[in-house]
Amino acid sequence: MPELAEAEFFRKRWDLAARGSKISAVLTHDRAKIYRGTDPAAVRRALTGTRFLGSEAAAKQMLFRFSGGAWLGVHLGMSGELRAEPPGYVPEKHDHLVLVTAKHSLVFKDPRMFGRVQFHQGKSAPAWWTKIAPALTSDAFTLESVSIFLRRRARAPIKAVLLMQERFPGIGNWMADEILWRAAINPLRLAGSLTPREVRTLWRECRHVARLALDVIAGEGDYLPPDLNHHIPKTWLFLHRWEDGGLCPKTKTPLVRQEVGGRTTCWSPARQKLRPA
DNA sequence: CCAATTGTTATTTA
DNA sequence: ATAAATAACAATTG
């Protein structure tokens, strides 16, 4: 489920519920694959008794910071979610990690277990966090960096290239389709075939969709929408991409679905032509 | 039983 | 050797 805006949504859920609180207990499903490379017993030991100091989201990941130099990383994979439950919550089958505070139980649920928990103890943030590419909304995400990247991936479909996290951190399947639809670029076009004008439009729409998605899905300030898709406007491709007989919100013509870059891709043939106009 | 799912990574192919 | 395509991972749902 989660792409960049969803990661921010779930981060805020834990943060607004329990930032500043003491962790009184940590519950783990020790056999769960989300702990690959991490020892759940060590996480329990290290976090119990600490205070939850703050958090950040970047790309599709979240970093939670605790007193004593403890850092908890969460990647939600395909089916992960974070919730804040009342105290006394009893973990269910797929609740692989629960941080207990006086007022809430912070739950990480992930049925498919493509998600991941990482842990680090130290003064500064761990390398697996700091090496994440600069955010789409930051000044470091430049037109030139996109242009160079597209040239290096010239023979791959642009849809597949947008999914590459080392240049487009946090873009997943639906965001890639939304960006290409807004930019009026066919997902099958090879990255190296885009005109300089198209590359600029694509770059601008990456930033635009990232900003819109963050505002609409994760809210602003201390406001958190009641659920992920609560405020998504009908004008977005997002709300029509899985409908049977779905229509393009801009052209009112039928949408098409086809596998591109290994993912089911939705686009509007009337708007996104194979040959540039 | 078959196919599907908003992700990542190892392996295979070109 | 490099880059792109494919399979695999796991669980659930239709």
Side-chain angles (χ1 to χ4, degrees), chain A residues 1-11 29 31-38 57-62 73-82 91-96 108-118 128-129 131-133 136 148-182 187-193 206 209-210 212-214 216-218 225 227-232 236-244 246 255-267:
Chain A
M1 196 183 255
E3 304 180 13
L4 130 172
E6 287 96 342
E8 173 62 8
F9 174 89
F10 289 123
R11 178 200 71 80
H29 285 165
R31 320 292 296 274
K33 287 234 174 10
I34 60 153
Y35 292 111
R36 54 195 183 277
T38 300
K60 299 169 186 174
Q61 304 182 60
M62 295 157 291
V74 179
H75 191 305
L76 295 167
M78 203 96 134
S79 56
E81 65 174 43
L82 302 189
E92 295 175 355
K93 184 176 176 189
H94 302 298
D95 299 333
H96 308 302
F108 172 30
K109 171 182 176 176
D110 185 7
R112 287 172 72 180
M113 292 196 284
F114 290 168
R116 181 168 208 178
V117 164
Q118 288 174 285
W128 45 257
W129 182 260
K131 76 177 183 197
I132 295 172
L136 306 177
I148 290 169
F149 192 76
L150 263 51
R151 232 173 294 144
R152 264 191 40 215
R153 305 293 181 163
R155 304 278 306 158
I158 186 61
K159 165 65 184 273
V161 174
L162 280 180
L163 294 174
M164 295 177 179
Q165 301 298 298
E166 70 261 37
R167 180 46 59 198
F168 301 101
I171 291 184
N173 204 27
W174 79 255
M175 272 186 76
D177 286 358
E178 195 79 32
I179 289 163
L180 290 169
W181 174 72
R182 291 184 61 114
L188 289 162
R189 296 270 308 282
L190 299 188
S193 78
C206 284
V209 169
L212 286 175
L214 283 166
V216 162
I217 291 172
D227 64 77
L228 277 175
N229 303 339
H230 201 73
H231 297 302
I232 295 187
W236 289 24
L237 177 65
F238 182 91
L239 289 181
H240 309 273
R241 53 181 288 122
W242 295 125
E243 286 173 358
D244 252 344
L255 295 167
V256 157
R257 271 176 302 206
Q258 182 189 327
E259 187 159 306
V260 183
R263 320 293 304 180
T264 301
T265 298
C266 176
W267 77 92

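Just so you know, these numbers use all the heavy atoms, side chains as well, and skip hydrogens, waters and symmetry mates. Per chain, numbering begins at 1; letters A, B, ... match sequence-line order.
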Student: How close or far is atom C1' of dT5(B) from atom CG of L163(A), stated in whole angstroms?
Tutor: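 Interatomic distance, CG of L163(A) to C1' of dT5(B): 15 Å.
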
Student: Just how far, in rounded Å, is P of dA4(B) from CH2 of W174(A)?
Tutor: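 These atoms are roughly 23 Å apart.
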
Student: Figure out the CZ/C1' separation between R151(A) and dA4(C), and round it to whole Å.
Tutor: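 These atoms are roughly 20 Å apart.
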
Student: Between H75(A) and dG7(B), does any side-chain N or O lie under 4.0 Å from OP1 or OP2?
Tutor: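 The answer is no; no side-chain N or O of H75(A) sits under 4.0 Å from OP1 or OP2.
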
Student: Can you tell me how far apart CE (M113(A)) and NZ (K33(A)) are? Round to the nearest 0.5 Å.
Tutor: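 Spacing of CE (M113(A)) from NZ (K33(A)) equals 6.0 Å.
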
Student: The side chain of A156(A) is closest to which nucleotide in this list: dA4(C), dT8(B), dT5(B)?
Tutor: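 Given the options dA4(C), dT8(B), dT5(B), the side chain of A156(A) is closest to dA4(C).
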
Student: Using side chain to side chain contact (heavy atoms under 4.5 Å, CB included) as the criterion, list what pairs up with W242(A), not counting sequence neighbours.
Tutor: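 Checked W242(A) against side chain to side chain contact (heavy atoms under 4.5 Å, CB included); matches are R257(A), T264(A).
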
Student: Between K60(A) and E259(A), just flag the one whose closest nucleotide in DNA chain B comes earlier from the 5' side.
Tutor: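 The answer here is E259(A).
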
Student: Report the residue (M164(A) or R263(A)) whose heavy-atom-nearest nucleotide on DNA chain C is the more 5′ of the two.
Tutor: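 Taking each residue's closest nucleotide, the earlier one in sequence belongs to M164(A).
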
Student: Expressed as a whole number of angstroms, how long is the span from Q118(A):CD to dG7(B):P?
Tutor: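 So the CD-P distance, Q118(A) to dG7(B), works out to 18 Å.
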
Student: Side chains of L4(A) and I171(A), heavy atoms from C-beta outward: is any pair under 4.5 Å?
Tutor: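 They are not in contact (no side-chain heavy atoms under 4.5 Å apart), so the answer is no.
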
Student: What is the distance from CG of D177(A) to C1' of dT5(B), rounded to the nearest Å?
Tutor: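 Rounded to whole Å, this separation is 14 Å.
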
Student: Go along nucleotides 9-14 of chain C 5' to 3' and tag each nucleotide: B for a protein heavy atom under 4.0 Å from its base, S when only backbone or sugar atoms are that close, - otherwise.
Tutor: BBBS--

Student: Using the P atoms only, state how far dT9(B) lies from dA1(C), rounded to an integer number of Å.
Tutor: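 Those two atoms are separated by 23 Å.
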
Student: Rounded to the nearest 0.5 Å, what's the gap from CD on E6(A) to CD on E3(A)? Could you check?
Tutor: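 Result: 5.5 Å between the selected atoms.
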
Student: Just compare dT8(B), dT5(B), dA4(C) and give me whichever is closest to any side-chain atom of Q165(A).
Tutor: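 So the nucleotide nearest the side chain must be dT8(B).
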
Student: Could you tell me the separation between the CD1 atom of I34(A) and the C1' atom of dG7(B), rounded to a whole number of Å?
Tutor: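 In whole Å, dG7(B) C1' and I34(A) CD1 are 15 Å from each other.
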
Student: Is R153(A) paired with E166(A) through a side-chain N to carboxylate O contact shorter than 4.0 Å?
Tutor: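 A salt bridge links E166(A) with R153(A).
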
Student: For dA1(C), what is the paired nucleotide under Watson-Crick or G-U wobble rules, both distances under 3.5 Å?
Tutor: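 Pair assignment: dA1(C) / none.
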
Student: Between R153(A) and dA3(C), does any side-chain N or O lie under 4.0 Å from OP1 or OP2?
Tutor: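 Checking dA3(C) against R153(A), no side-chain N or O comes under 4.0 Å of OP1 or OP2.
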
Student: If I take atom NE2 from residue H29(A) and atom CD1 from residue I34(A), how far apart are they, to the nearest 0.5 angstrom?
Tutor: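 That separation rounds to 9.5 Å.
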
Student: So if I take every side-chain heavy atom of N173(A) and compare against dA4(C), dG7(B), dA4(B), which nucleotide ends up nearest?
Tutor: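 For the N173(A) side chain, the nearest candidate turns out to be dG7(B).
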
Student: Measure CD/E166(A) against C1'/dT8(B) and give the value in whole Å, please.
Tutor: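 Between C1' of dT8(B) and CD of E166(A): 12 Å.
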
Student: Counting only heavy atoms not in R36(A) (residues, nucleotides, ligands), do more than 12 fall under 6.0 Å from its CZ?
Tutor: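 Result for CZ/R36(A): enclosed.
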
Student: Would you mind reading off the distance between M78(A) atom CE and dT8(B) atom P, rounded to a whole angstrom?
Tutor: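 It is 10 Å, rounded to the nearest whole Å.
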
